[in-house]
Amino acid sequence: ERLVTQIAVSPPDTWKDQEVSAVSALLLGYFVELRLDEARFLWKRIPNTWHANALLQSIWEIGQHLILRNFPHLLRASRLFVSRVSNQSLHDQSLHDQSLYDQSLHALALLVDDTCRALAHRQILAFHNISIQTAQDFLAANDAAEAVKQCQDRGWQLDSDGLFLVHPSQ
């Protein structure tokens, strides 16, 4: 927080890349801890010139979906972010505390996994039957087969036409 305050009062030519990394880790930490208001206000305090940073932009995209409770897009954005970081396309070599950063990424993966489970639970409670396409969108599955498998693993069955998933208690 002190670093962000220092950044806010110092001229742009004094900002350093490691400060962008520190703010990225802080923003990611806020989202992992579901401190959404702090994350939103931190984003507003970040200089506009930093908003083009790929890492910050990716973290903020995830956060926007989390704030708006747009779970299918949240899951897709989170999975894309984790895969991009794993493939080093967003890996931040200038970050001073790489272990903290890695822990934040692990926590984000757990958050995504918990969100998937919560969505599946809500799906079971809210629907008697659901189209395969809706299940795919709702679960952020890569394709229809993955959505069907996830639902069948939870006890759902395909209807006789193979277009809908039906909860077995119905």
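Keep in mind it's a predicted model, so treat the numbers as computed, not measured. Excluded from the calculations below are hydrogen atoms, water molecules and symmetry mates; all remaining heavy atoms, backbone and side chain alike, are included.
Here the straight-line distance linking atom CD of Glu33 with atom CG of Leu28 works out to 10.0 Å at 0.5 Å rounding. Between the CG atom in Leu158 and the CG atom in Asn129 there is a gap of 12.0 Å [rounded to 0.5 Å]. Distance NE2/His128 to NE2/His167: 10.0 Å, rounded to 0.5 Å. A distance of 13.0 Å separates CZ in Arg35 from CZ in Phe41, rounded to the nearest 0.5 Å. A distance of 11.0 Å separates CG in Leu27 from OG in Ser58, rounded to the nearest 0.5 Å. Distance CG/Leu36 to CZ/Arg69: 9.0 Å, rounded to 0.5 Å.
A 4.5 Å side-chain heavy-atom check between Leu66 and Leu34 finds at least one atom pair inside the cut-off. With contacts defined as side-chain heavy-atom distances shorter than 4.5 Å, the pair Asn53/Ile46 does not qualify. Side-chain contact check for Glu61 versus Gln57: every heavy-atom pair is 4.5 Å or farther apart.
Leu163 and Trp156 fall into different hydrophobic clusters, where Ile, Leu, Val, Met, Phe, Trp and Tyr residues are linked whenever their side-chain heavy atoms come under 4.5 Å apart, directly or through other members. In terms of hydrophobic clustering, with Ile, Leu, Val, Met, Phe, Trp and Tyr side chains grouped at heavy-atom distances under 4.5 Å, Leu68 and Phe31 are assigned to different clusters.
Centroid-to-centroid, the aromatic rings of Trp43 and His51 come within less than 6.0 Å.
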Side-chain donor/acceptor pairs under 3.5 Å, residues 145-153, sequence neighbours excluded:
| residue | atom | partner | partner atom | Å |
| --- | --- | --- | --- | --- |
| Glu146 | OE1 | Asn142 | N | 3.1 |
| Glu146 | OE1 | Asn142 | ND2 | 3.3 |
| Glu146 | OE2 | Gln150 | NE2 | 3.1 |
| Lys149 | NZ | Asp153 | OD2 | 3.1 |

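Nearest heavy-atom pair, Ala135 versus Leu165, reported as atom, atom and distance to 0.1 Å: CB-CD1, 3.9 Å.
Residue His73 qualifies as open at atom NE2: its count of foreign heavy atoms under 6.0 Å is 12 or below.
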